[in-house]
Number of protein chains: 2
Amino acid sequence: MNIGEAAKASGVSAKMIRYYEETGLIAPPERSPAGYRTYEPSEIHTLTFIRSARNLGFSMEEIAELLALWRDRERPRREVKRIVEAHIGDLEARIRALQDMAGTLRHLADACGGDDRPDCPILKSLAAPEPDTLPDPPAPHRFGAI
Amino acid sequence: MNIGEAAKASGVSAKMIRYYEETGLIAPPERSPAGYRTYEPSEIHTLTFIRSARNLGFSMEEIAELLALWRDRERPRREVKRIVEAHIGDLEARIRALQDMAGTLRHLADACGGDDRPDCPILKSLAAPEPDTLPDPPAPHRFGAI
DNA sequence: GCTTGACCTTGCCATGATGGGAAGCCCCAT
DNA sequence: ATGGGGCTTCCCATCATGGCAAGGTCAAGC
């Protein structure tokens, strides 16, 4: 299997396959006499694994760990679960941060008629460095608080 | 005000102030005879505006638009609101994507005892390209659906 | 056999926002 | 006048990805 077919079969672009090889995430494959990379089914399998993990938001570094655990069949589940739990925590922190932003903006947007008057309260609020630096103002309302 | 004081006053790092100038987001300030950048209070104000907007997740491109609207006092609120609403939509899409990931991982982690057995179901699931490519399997359960 | 088009190779550049560091100049206080 | 801290510019790195260009290769059709 050439790199193009491997890309199609795994869902990882040819560009990224070369990059993963360059950074050591995957081993260099065999080459044809002409220098073409040739992939075995097991390598396609690895690429598919990588793509699944990327789709779940794992970084390449985390994926390197997961791959090592995957290859070593004797490794206990505990270690995999630890990585996954840490990643979930990371995702949740990012979700919370985005929700805070969206909540604040929703509030501002609702306070803005969206009409054709000038003097927009949204811009006013951006220009005034009221919140977001102070540890916590009298806190009349917490937005992102899920 | 030198760049260091401007950074402290606005909360934008000196490094980023120079970068914003280089990319045209802010105008080049006056320089002292020795070539030091000197900032007026109005420029500090602008930097504070930028930082507020960054904290709310706006891209530099969006901030450039917001700054233009801010400077032009005759611009109707409508245009500001449009930008903000678009950004909220963007944030919400990202939140949904992250929630989908976290939900799937939560599901996997719960299915994994986290004990010291090998043969982890999480790795199994990553290796098997079941979901996430198919349009929508029989859908026994939607995770990120808030 | 030769041409053509699709594929492969390497290598470089770009993204977006940010930090790090080096080499050298400047200012102020001691 | 000396030292420390701040300023200047310039270059590099991040993370994962895409794009482009120049050149080699393969397979099909003539």
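Chain identifiers are assigned alphabetically (A, B, ...) following the order of the sequence lines, protein sequences preceding nucleic acid strands; residue numbering begins at 1 within each chain.
OP1 or OP2 of C:dG19 sits under 4.0 Å from a side-chain N or O of B:Ser13. Listed pair B:Tyr20 / C:dA17 fails the phosphate criterion, with no side-chain N or O lying under 4.0 Å from OP1 or OP2.
Using a 4.5 Å cut-off on side-chain heavy atoms (C-beta onward), B:Ile83 and A:Ile122 make no contact.
Only at 4.0 angstrom or more do the heavy atoms of residues 84-95 of chain B sit from any atom of DNA chain C, so none qualifies.
B:Met60 places its CE atom 8 Å from the C1' atom of C:dA17, with the value rounded to the nearest Å.
B:Asp100 has no carboxylate O lying under 4.0 Å from a charged side-chain N of B:Arg96, or vice versa, which leaves the two without a salt bridge. A salt bridge does not link B:Arg106 to A:Glu92: none of the charged nitrogens lies less than 4.0 Å from a carboxylate oxygen.
The outermost nucleotides of DNA chain D lying under 4.0 Å from heavy atoms of chain A, listed 5' to 3', are D:dA16 to D:dC26.
Between the side chain of A:His87 and the backbone N or O of A:Leu56 there is at least one donor-acceptor pair closer than 3.5 Å. Judged by distance alone, with hydrogens and angles left aside, the side-chain atoms of A:Asn2 form no donor-acceptor pair with the main-chain N or O of A:Gly4 at under 3.5 Å.
The side-chain hydrogen bond (donor to acceptor under 3.5 Å, both in side chains) test applied to B:Arg37 returns B:Glu21, not counting sequence neighbours. Under the side-chain hydrogen bond (donor to acceptor under 3.5 Å, both in side chains) criterion, B:Glu5 pairs with no residue, sequence neighbours left out.
The two atoms that bring A:Ser10 and A:Ile44 nearest to each other are CB-O, 4.2 Å, heavy atoms only. Summarising the geometry of B:Gly57 relative to B:Glu62, their closest heavy-atom pair is O-OE1, 4.3 Å, with the distance given to 0.1 Å.
The environment of CZ in A:Arg31 is crowded: more than 12 heavy-atom neighbours from other residues, nucleotides or ligands sit within 6.0 Å.
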In B/S/- notation (B base, S sugar-phosphate only, - none; protein heavy atoms under 4.0 Å), nucleotides 4-15 of chain C written 5' to 3' is ---BSBBB----

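Looking at heavy-atom distances under 4.0 Å, A:Phe58 makes no contact with the nucleic acid at all. Within the 4.0 angstrom heavy-atom criterion, no nucleotide atom of any strand lies near B:Ser32.
When each of B:Pro121, B:Cys120, B:Cys112 is paired with A:Lys81, the side-chain contact (heavy atoms from CB on, under 4.5 Å) condition holds for B:Cys112 and for no other.
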Applying the Watson-Crick and G-U criteria (both distances under 3.5 angstrom) with [ ] for crossing and | for other-strand pairs, one obtains for DNA chain D ||||||||||||||||||||||||||||||

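Taking the six-membered ring where tryptophan is involved, the planes of A:His45 and A:Trp70 are perpendicular, since the angle between them exceeds 60° and thus also 30°.
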